[in-house]
Each structure stands twice: as C-alpha cells, then as structure tokens.
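The structure under discussion appears below in the form of structure tokens.
For the numbers below, each heavy atom of this structure counts, side chains included, while hydrogens, waters and symmetry mates do not. Here is the naming used below: chain letters follow the sequence lines, and residue numbers restart at 1 for every chain. Predicted model only: the values in this text are computed from it and were never measured.
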Amino acid sequence: MSWELPSSLRWVHSLVAEEAPWPRDEMTRLEGAGGLMDLAAANQSGQSQAGSAVAHVRASGNVGSEIDVFEDSYSFDDRRMNDGALASLIAGGATTVHVVFKTVWKWIVVLALCVLLLHLIRAFLVNPGLGALLSRLRIMATRKALRDARGQVKQSIATGAVHPIQAAKAILKAMLDWSLARPSRAVGVGLTALQTTFVTAATLALDPFDDNPKARRDAERVLQQTPEGRAALAYAREHGITTLYQSDPNMAWSDYDPQLNVIRIGGSDLASPEALAGEFVRQVTIAKDRWDTQPAGDDPSPWYDAREREERAANEAAYRMGSQLGYEEAARERYLDDHDYGGGHFQHWNEYEKQKGLGATITEWPYRYVEGLFNDGPLDFKP
Amino acid sequence: MSSTNREIQTVYGSRLVSSSRLSEAADGLERGLHGSLDRARNAGRTSDADELSEQFDAEFAEFPGLVREAFGGTVTLLRDRADKVSLSERNYASAEHANMESAHHLRAALEEL
C-alpha cells in the first residue's frame, strides 16, 4: 500500500541501507489521522445537536428564570465538546504532519540514491582505475549526508508533530479535571502549536520550526513577575500574536512581522530569561504600532522617523520592565544609554527586499535537506 | 409578557423533545467514539520499530486512553442533562396537575355554597 522504493534503486540502497531506513507505515498512520478527524466530527455534530436541543426549550415557548439556568449550565458541555473536537483535530493534524515528514524523508532517500547512482556510474566512466576508491568516498559522503538529513527530519517531526500532540493531551487532561484547570488555557497552547506549525512556508525570513520551548517558559516566568511584563503577555494573547524564541544568535535583530502576526526573538539559546523578557516587551510595544514593512512613496525619511520613535518607546517599555524586576541600572545601561539598541526593522526590511515569494520557497525548501548531495562541497568525505 | 414579571410558563412535552435530542447526541458521540477510536489508534502504532517515529509514538501512546476518558465524560454529562430535563418535565406536569385539581376542589366548594 505504501510508497515502495523504486526497484532500480534497490541495489544502491543496499550500499547505504543502514543510514537510509525505508518506513512503510504511512498509510496506517494516515488511516489513524482519519480516525482522529472523525472523532472531531463526532464531537462537533454532538455539539450542534445538543445546542439545538437546548435552544428548543426556549423556542417552543417555555418562559422563566429556570430556563436561563438550564442554558447557562449547558455552556459548559458546549465548551467541553469544543475542546474535545479541537484536541482530536490537533492530533489528527499532527499525525498528518508526521506522515508528511516521513514521506519527505523517503523522497530525500530517493534523491540521495539517484545522486549516488549517478556518481558511481560517473566514477567508473571517468576513471576506471580510481573508480573503486571514488565510489567508496562517495558512498561514505552519502551516508553522512543522509545521517544529517535524518536528524533534521527528526527535529521537524518533534516540532511539527510531537509538540501538538502534547498540546492536545494537555487539552484532554484539562477536560478530565476541569475543576482545577480551565480548558481554554490549553486551547491557547494548542492553537499556538498549530499556528507555529502551519503559519507559513511563505517567508524565507521566518522558520516556524525554530522555536525553543524552554526559553519561552523561562522568559514567560520572568514576564509574569512584573506588571509591565504581564501587560505585554496579555496584549500578545489578546491579539493572537505568536512568539517564536529562535536560535538566531543576534537578539538585537528580533522583530515583529505584522503580516504573519509573529514576534521572532533571537538568541534564545544564549540570552538570559530576563533579556528575552525585555526583548519580548520591546517587540510587543512595536507590535502595538502595526508598522508597514517598507517605506511607502519616494521619501523614506518619515518611515525611518516613525521606526526610530517606535524603537525609543519600545526601549522605554523594556527599561520599565527591567527596573520593575529590580535591575534598574542594567536596564538603563542596555535600553536607554545605548541609543542604537534594536533595529529589527532594518533587518526585516532587508529580508523583505530579498524575499522571492511563495513559489521559490516551495521549490527550494526541501533542498535545504539535500543540498549537500548536489555539490562536492563540505559534505564530501575527507580522509 | 414583560421581563420584570417572570413567571414560569411551560409548554407540555417540549422538554421531552429536548431530552430525547440530548440523549441522541450522547449516543452519537458514543458511536463515533467506538467507531473511530480503534482507527485512531493506528496513528501511533507501527509493526516495525522506527527511529523517526520513536518520540511521536511515545507521546501518542497515552492519547487514545485520554480520548476515551474525556469523551466518555462528555457522554455521561449529556446523559445526565437529558435525565434532568425529562425529570423537570415530569415535575412541571405534576405540579400543574396538582394546581388544577385544587382549583377544581375550590370551585366545587364555592358552588356548593
């Protein structure tokens, strides 16, 4: 039932089989994804049916405060079914993402094998004497490239499929002990995970799979400690802003993308939670402005002036949060004394100029995994 | 009827309709649960161990159990709600009946005078 390895590649596959497992479970898993979607549908139809049953009491002419109580008490069931549908949907989506990445992996294997086959043929054609050595080097290079690519696919599955499953489980757990936790909080988590997964393949500037959950937790813990931080968190939540804590080493180039409604914070692997929290406050202040990504018209100076004003306001907000945290001096030094701090908008504008559009992205992104196979560059085996 | 004067007014039988619809919804949910959960389990199960899916499978293993508990809870809630609705219908019917009866008694007593 599943996609089998083309028979002409079987022999080459045997050379690198160790590094190139060929999974055959995607049809079964897709069946499972369908089952999860059906569960979501069962919840939704139950929800609308129960909703009409409740509405019927009022519609058929019953009157009284007792009906208000009846309707109010129903809203809990309604949310419960909503949450159940959402959890199943997220799990179904996650399973599908998982299957997609396994298929991408199989595709990578096929590409790698084709390239390897071509190289082997060429090696023997060009120089029969050295053919054995060259092909051995090539096989080792391919094995290394496949190993690296597998690591990347695994990482993508972890972010795109494992995290949403965790979020879906959180929703169900909240449903099970609803007296302790409100499910709606878990719903936020789930939606963020989905949004993070699917938000865009459209911008080369943004990699939605690059997110550091530990940095997020730590930064949000710091943010919860100050009024300024809590206000920023609440604003982001109310406006559906997704925040990605990314591994880009330069935190000063963090930015807010108004089209995608995503805040990207760099340096999550290196910076302290306090610094990340400060950056979050800065970016939320900038997000309140909803700026254009590029200057309109011929004269760019008003655009730059507006950006400078935003950066100043953002730095002041971050300074307020820092001093509320008790690091008044350090915050002053970082956000107020250094007048050039920040500048994500310049970076964003540069990337906007470079952006090639959705078509280029779709045709290009899988090659990120395999580009090592198409040139005799750093991935080639060096004895 | 004005909103300040909110007496309780019931339409005979209307609650039974709601009750049956609620328990139908519960039945449907239960059917969906039984029908789809076995299929949904496939999402996490593989015959041969696979390095790419290890983590996913580990996370998913707990999921079907949680689904069954959570959805089962919803089904129970809906059934309870349906039972309560049909109970309140019976309540109102008997209360109305009792009121009618006492009114008859009163009229009979007055007519005898």
Side-chain angles (χ1 to χ4, degrees), chain A residues 21 23-25 28-36 38-39 41-43 45-47 49-50 52-54 56-57 60-67 70 73-74 76-77 80-81 83-84 87-88 91-92 94-95 98 101-102 105 150 153-154 157-158 161-162 165-166 168-169 172-173 175-176, chain B residues 1 6-11 13-15 17-33 35-48 50-56 58-60 62-63 65-67 69-71 73-75 77-78 81-82 84-85 88 92:
Chain A
R24 289 192 176 76
D25 54 356
T28 338
R29 283 183 194 274
L30 270 185
E31 174 79 12
L36 289 166
D38 285 354
L39 279 176
N43 258 303
S45 70
Q47 191 184 7
Q49 203 174 1
S52 81
V54 171
H56 176 80
V57 175
S60 56
N62 294 290
V63 176
S65 50
E66 170 261 1
I67 292 176
F70 175 60
S73 67
Y74 167 72
F76 174 71
D77 299 3
R80 210 183 144 89
M81 280 185 271
D83 287 347
S88 316
T95 309
H98 182 201
F101 276 114
K102 288 190 98 167
W105 165 249
R150 199 171 63 216
V153 170
K154 235 172 113 175
I157 288 178
V162 175
I165 282 283
Q166 285 165 346
K169 271 163 52 180
L172 290 181
K173 280 179 181 153
M175 278 170 68
L176 286 175
Chain B
M1 143 153 272
R6 306 203 61 171
E7 68 186 76
I8 291 178
Q9 196 177 87
T10 57
V11 176
S14 63
R15 277 150 212 265
V17 176
S18 286
S19 162
S20 76
R21 282 201 208 162
L22 279 175
S23 53
E24 262 172 45
D27 289 346
L29 204 57
E30 207 169 38
R31 263 201 307 282
L33 185 62
S36 307
L37 194 60
D38 282 337
R39 284 210 299 137
R41 268 183 232 280
N42 285 331
R45 194 175 51 198
T46 53
S47 42
D48 47 342
D50 184 351
E51 188 204 339
L52 288 173
S53 312
E54 238 164 34
Q55 215 185 343
F56 183 84
E59 284 293 336
F60 193 83
E62 205 191 341
F63 193 76
L66 276 175
V67 165
E69 280 180 53
F71 288 23
T74 311
V75 169
L77 269 178
L78 283 177
R81 188 82 67 217
K84 278 180 202 150
V85 173
S88 81
Y92 283 115

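Between A:Val162 and B:Phe60 the shortest side-chain heavy-atom distance does not fall below 4.5 Å. Residues A:Thr95 and B:Phe56 form a side-chain contact, since some pair of their non-hydrogen atoms from C-beta on lies under 4.5 Å apart. In this structure, the side chains of A:Asp25 and B:Ser53 come closer than 4.5 Å at one or more pairs of heavy atoms.
For B:Ser23, the side-chain contact (heavy atoms from CB on, under 4.5 Å) test picks out B:Ala82, with sequence neighbours left out. A search for salt bridge (Lys or Arg N to Asp or Glu O under 4.0 Å) contacts involving A:Lys154 returns B:Glu51, not counting sequence neighbours.
With chain A as partner, the option from B:Gly32, B:Ala58, B:Ala40, B:Ser88 having the largest number of non-hydrogen pairs under 4.5 angstrom is B:Ala40. Per-residue heavy-atom pair counts under 4.5 Å with chain A were compared for B:Ala26, B:Ala43, B:Ser19, and the maximum is reached by B:Ala43. Considering only heavy-atom pairs separated by less than 4.5 Å from chain A, the leading option among B:Gln55, B:Lys84, B:Arg31 is B:Gln55. Ranked by non-hydrogen atom pairs under 4.5 Å with chain A, the options B:Leu22, B:Leu29, B:Thr74 are led by B:Thr74. Counting heavy-atom pairs closer than 4.5 Å to chain B, the top-ranked of the candidates A:Gly84, A:Ala33, A:Ala41, A:Pro21 is A:Gly84.
Proximity to chain B (any heavy atom under 4.5 Å) is restricted, for A:Ile157, to the side chain, taken from C-beta onward. At a 4.5 Å heavy-atom cutoff, A:Ser45 makes no contact with chain B through either its backbone or its side chain. Looking at B:Val75, there are no atoms closer than 4.5 Å to chain A (heavy atoms on both sides), in backbone or side chain. Looking at B:Glu24, the atoms closer than 4.5 Å to chain A (heavy atoms on both sides) sit in the backbone and in the side chain alike. Residue B:Arg41: no heavy atom, backbone or side chain, is found under 4.5 Å from chain A.
Residue A:Gly35 comes nearest to B:Ser36 through the heavy atom pair O-CB, 3.5 Å, listed as atom of the first residue, atom of the second, then distance. B:Arg21 approaches A:Ser52 most closely through the heavy-atom pair NH1-OG, 3.3 Å.
Side-chain atoms of A:Lys169 come within 3.5 Å of backbone N or O of B:Glu59 as a donor-acceptor pair. A donor-acceptor contact shorter than 3.5 Å is absent between the side chain of B:Arg39 and the backbone of A:Gly32. At least one donor-acceptor pair under 3.5 Å links the side chain of B:Ser18 to the backbone N or O of A:Ala53. Of the possible donor and acceptor atoms, one in the side chain of A:Arg80 sits under 3.5 Å from a partner among the backbone N and O of B:Ala70.
Separation of atoms CG (A:Leu39) and CZ (B:Phe71) is listed at 5.0 Å; rounding is to 0.5 Å. Rounding to the nearest 0.5 Å places CD1 of A:Ile165 at 11.0 Å from CD of B:Glu62. Here the CG atom belonging to A:Leu30 is positioned 10.5 Å from the CG atom belonging to B:Asn42, to the nearest 0.5 angstrom.
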Legend entry - side-chain contact (heavy atoms from CB on, under 4.5 Å) evaluation trace for A:Met81 with B:Leu78: CA-CA 10 Å; A:Met81 280 185 271; B:Leu78 283 177; 4.0 Å; yes
Inset, instruction - For A:Leu36 and B:Phe63, run side-chain contact (heavy atoms from CB on, under 4.5 Å): C-alpha distance rounded to whole Å, both residues' side-chain angles, the deciding distance at 0.1 Å, then the answer. - result: CA-CA 11 Å; A:Leu36 289 166; B:Phe63 193 76; 3.7 Å; yes
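Crowding of A:Gln166 atom CD: a count of heavy atoms from other residues, nucleotides or ligands under 6.0 Å exceeding 12.
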